[in-house]
Protein chains: 2
Amino acid sequence: MGDIDLRAFTPYLLAMAAETTSLGFQSTYKAQHGMLRTEWRVLFHLGQYGPLTAKTICDRARLHKTKVSRAVAALEAKRFLTRSEDPQDRRSDVLELTASGQKVFRALTEEAARFDAALMERFSAEERRILRQCLTRLAQL
Amino acid sequence: MGDIDLRAFTPYLLAMAAETTSLGFQSTYKAQHGMLRTEWRVLFHLGQYGPLTAKTICDRARLHKTKVSRAVAALEAKRFLTRSEDPQDRRSDVLELTASGQKVFRALTEEAARFDAALMERFSAEERRILRQCLTRLAQL
DNA sequence: TATTGTTATACTCTATAACTATA
DNA sequence: TATAGTTATAGAGTATAACAATA
């Protein structure tokens with residue numbers, strides 16, 4: 001060996017690309033709305049799919065229940081969501097975005113779409129298709 | 001908006017792919033050699049490019065001096081590198097891998113090459129080329 | 001004055017175990 | 001017994017400021 005360059009090592013390249021691209025969007029949800037990454041992911045799922053229990057968010061977002069629990073508490077403190085008792089299972093609460101939470105969701109999804117479009121602008125349609133396909137498969141290992 | 005899926009958001013996809021692919025290789029340097037990610041990166045640069053000062057590693061690896069400082073101390077404690085005074089600048093030490101450090105470097109680079117080959121096996125030559133090119137550009141933003 | 005490197009501090013992120021209340 | 005959710009704790013990652021020694 002000895003002829004490998006770290007810049008040719010896929011996990012390294014992925015980590016660098018993820019770090020670089022995340023930083024830009026991070027400022028949108030962090031600086032503008034005081035949210036952490038997990039909070040934004042939980043807010044996104046509630047905005048996109050409607051009222052859900054924490055368990056459902058865990059399954060769909062592939063997040064551990066402790067992360068969701070803390071993100072939900074933080075979003076509740078910011079008045080971005082409310083809880084109501086789940087009639088089918090009293091261990092769970094159904095979580096729902098407030099009007100304020102929905103407003104932030106819309107602002108963030110719009111910002112995300114703009115951000116992604118700006119990122120992808122530098123690639124051809126073919127490159128974008130292959131990039132997305134490769135990343136999706138690597139993420140699902 | 002509202003029609004964006006988080007799985008179509010490039011920074012999210014990159015983060016997922018990076019996390020998934022990193023976990024596998026992490027066990028190699030962590031479990032087998034007790035190293036953290038930054039230590040492996042510093043060790044790699046010393047193994048690949050020979051004796052360097054901390055400053056040079058900072059520049060080449062794009063790592064902050066505090067991270068390099070702590071990684072160097074950890075690698076020194078493991079007897080993977082030694083310091084010697086830089087004749088040109090007494091603020092710096094020249095860092096050099098020990099025989100033990102070189103052995104670990106060779107083992108890890110071989111393992112990295114195998115790991116990468118196994119990852120890329122599922123893609124065509126064209127897909128690999130485009131993936132690498134896209135990631136390199138995204139990492140350099 | 002500026003740079004190299006170290007130490008201190010804080011915050012984010014990840015992972016796990018232990019606990020509660022319900023099922 | 002098992003599951004939904006909470007709390008506590010520790011380790012890892014990131015970022016910044018302050019400092020000592022040297023340039």
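Just so we're on the same page: letters track the sequence lines, and every chain starts at 1.
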[X] [atom1] to [N] [atom2], straight-line distance once rounded to whole Å:
X	N	atom1	atom2	value
A:Leu95	D:dA4	CG	C1'	12 Å
B:Trp40	D:dG13	CH2	P	15 Å
A:Arg62	C:dT14	CZ	P	13 Å
B:Glu19	C:dT12	CD	P	18 Å
A:Leu63	D:dA4	CG	P	15 Å
A:Met35	C:dC13	CE	C1'	16 Å
B:Lys30	D:dG13	NZ	C1'	10 Å
A:Asp86	D:dA4	CG	C1'	10 Å

Practice problem: Heavy atoms under 4.0 Å is the rule here; annotate nucleotides 16-23 of chain C 5' to 3' with B where the base is hit, S where only the sugar-phosphate is, and - elsewhere. | Solution: BB---BBS
Quiz item: Sequence neighbours excluded, which residues qualify as side chain to side chain contact (heavy atoms under 4.5 Å, CB included) partners of B:Arg129?
Solution: B:Glu126, B:Gln133
Quiz item: So A:Tyr49 and A:Phe44, would you call those rings parallel, tilted or perpendicular, with 30° and 60° as cut-offs?
Solution: perpendicular
Measuring from [X]:[atom1] to [Y]:[atom2], what's the distance to the nearest 0.5 Å?
X	Y	atom1	atom2	value
A:Leu52	A:Cys58	CG	SG	11.0 Å
A:Phe105	A:Gln48	CZ	CD	4.5 Å
B:Thr109	B:Arg114	OG1	CZ	9.5 Å

Practice problem: State which of D:dG5, D:dT14, C:dT7 makes the closest approach to the side chain of B:Ser69. | Solution: C:dT7
Quiz item: Got B:His33 and B:Leu108 here, is their nearest side-chain heavy-atom distance under 4.5 Å?
Solution: yes
Quiz item: So which one's nearest nucleotide on DNA chain D is more toward 5', A:Arg83 or B:Lys67?
Solution: A:Arg83
Quiz item: Toward the 5' end of DNA chain D, which comes first, A:Leu23 or A:Lys55, by nearest nucleotide?
Solution: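 Counting from the 5' end, the first nearest nucleotide belongs to A:Lys55.
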Self-check item: Phosphate OP1/OP2 of D:dG5 contacted by A:Ser92 side-chain N/O (<4.0 Å)
Solution: yes
Exercise. For A:Phe9 and B:Phe25, run ring-ring contact (aromatic ring centres under 6.0 Å, His included): C-alpha distance rounded to whole Å, both residues' side-chain angles, the deciding distance at 0.1 Å, then the answer.
Key: CA-CA 11 Å; A:Phe9 185 44; B:Phe25 191 64; 5.0 Å; yes
